[in-house]
Protein chains: 2
Amino acid sequence: MTLKTARDIGLLIKSKRLDLGLDQATLAKKAGVSRIWIVAMEAGKDNASLALVLRTLNALGVVLTADARTAQTGAPQIDLDAIIAAAKAPRIVRKS
Amino acid sequence: MTLKTARDIGLLIKSKRLDLGLDQATLAKKAGVSRIWIVAMEAGKDNASLALVLRTLNALGVVLTADARTAQTGAPQIDLDAIIAAAKAPRIVRKS
DNA sequence: GTCAGCTGTCAACGTTCATAGACATTACAT
DNA sequence: ATGTAATGTCTATGAACGTTGACAGCTGAC
């Protein structure tokens with residue numbers, strides 16, 4: 001499952017919570033957040049705190065990973081901006 | 001790469017930014033955030049806004065995915081709390 | 001040396017978050 | 001019908017966010 005928006009993460013949390021048979025209050029307690037926050041997050045709250053999101057996902061046993069590949073949709077495969085910026089800023093240390 | 005903490009995400013952002021040859025100001029503009037925020041985020045800011053994090057990762061072409069498998073470390077393979085909760089709350093609608 | 005660019009830090013400001021508590025609604029069970 | 005449990009909504013409060021603008025260190029180029 002790919003996560004591009006807060007709504008995706010909210011749906012993931014809700015889906016995993018139901019898979020585990022947890023109610024909102026129990027998950028909130030396990031994750032150390034308020035039940036209200038769970039409600040808002042599952043509804044797609046987009047300005048939630050990163051720390052709370054990570055805590056909740058950990059409480060659900062969800063592992064987040066980042067693919068090195070370029071996004072498949074919506075992002076151009078060739079990023080001219082990045083190439084031009086790279087050419088203009090040769091001083092930056094590259095990762096190797 | 002697995003992301004468990006805000007620090008992980010910060011390091012990911014910094015690493016990908018350098019890979020693309022972008023400086024902080026350029027990335028900030030592309031992602032629609034302030035340069036100060038990039039500085040704090042790359043340092044591991046843990047209470048950052050989810051929306052800004054997602055915007056930044058999108059600007060970097062990073063795709064976030066969630067594995068269905070259980071976390072390998074730190075989480076018990078058998079979650080008694082979840083099982084008991086499930087037994088006590090048979091009313092909850094299961095995903096499938 | 002001098003200059004330009006990148007990075008990190010600071011203060012002040014307005015905005016938004018996250019929380020607790022109470023309430024209404026829905027659904028199931030007895 | 002009554003009672004229990006889960007979910008969603010609302011208000012008010014304190015805390016933290018994210019932003020701008022300016023400044024100091026540092027590196028590399030001229």
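So that the names make sense, note that chain A is the first sequence line, chain B the second, and so on, each numbered from 1. Keep in mind it's a predicted model, so treat the numbers as computed, not measured.
Side-chain contact between B/Leu22 and B/Lys30 is present, with heavy atoms from C-beta onward closer than 4.5 Å. Residues A/Ile13 and A/Leu27 form a side-chain contact, since some pair of their non-hydrogen atoms from C-beta on lies under 4.5 Å apart. A/Leu12 has its side chain within reach of A/Leu57: a pair of non-hydrogen atoms, C-beta onward, lies under 4.5 Å apart. Looking at A/Val33 and A/Ile38, their side chains come closer than 4.5 Å, going by heavy atoms from C-beta outward.
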Where does DNA chain D pair, written as one dot-bracket string 5' to 3', with Watson-Crick or G-U pairs under 3.5 Å, ( ) inside the strand, [ ] for crossing pairs and | for another strand? ||||||||||||||||||||||||||||||

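Separating the NZ atom of B/Lys29 from the P atom of D/dG18 is a distance of 22 Å, rounded to the nearest angstrom. Protein atom CD1 of A/Ile36 is 14 Å distant from nucleotide atom C1' of D/dT13, rounded to whole Å. Between B/Gln24 atom CD and C/dT9 atom P there is a gap of 10 Å when expressed in whole angstrom units. A straight line from CG of A/Asp23 to P of D/dA5 spans 11 Å, rounded to a whole angstrom. B/Trp37 has its CH2 atom 13 Å from the C1' atom of D/dT19, to the nearest Å. The interatomic distance linking A/Leu54 (CG) with C/dA18 (P) rounds to 13 Å, in whole Å.
Under the 3.5 Å distance criterion, the side-chain polar atoms of B/Arg55 are matched with a main-chain donor or acceptor of B/Gly32.
Using a 4.5 Å cut-off between side-chain heavy atoms of Ile, Leu, Val, Met, Phe, Trp and Tyr, with links allowed through other members, B/Leu3 and A/Leu50 fall into the same hydrophobic cluster.
For B/Arg35, whose side chain is taken as the heavy atoms from C-beta onward, the closest listed nucleotide among C/dT19, D/dT7, C/dG8 is C/dG8. Of the candidate nucleotides C/dT19, D/dG8, D/dA22, D/dG8 has the atom nearest to the side chain of A/Lys14.
Taken to the nearest 0.5 Å, the CG atom of A/Leu64 stands 6.5 Å off from the CD1 atom of B/Ile9. The structure places CD of A/Glu42 at 4.0 Å from CZ of A/Arg17, a figure rounded to the nearest 0.5 Å. A/Met41 CE to A/Arg7 CZ: the interatomic distance, rounded to the nearest 0.5 Å, is 10.0 Å.
Only A/Lys45, A/Asn47, A/Ala48, A/Ser49, A/Leu52, listed by number, bring a heavy atom of residues 41-52 of chain A to less than 4.0 angstrom from any atom of DNA chain C.
The phosphate of C/dC6 (OP1 or OP2) has no side-chain N or O of B/Arg17 nearer than 4.0 angstrom.
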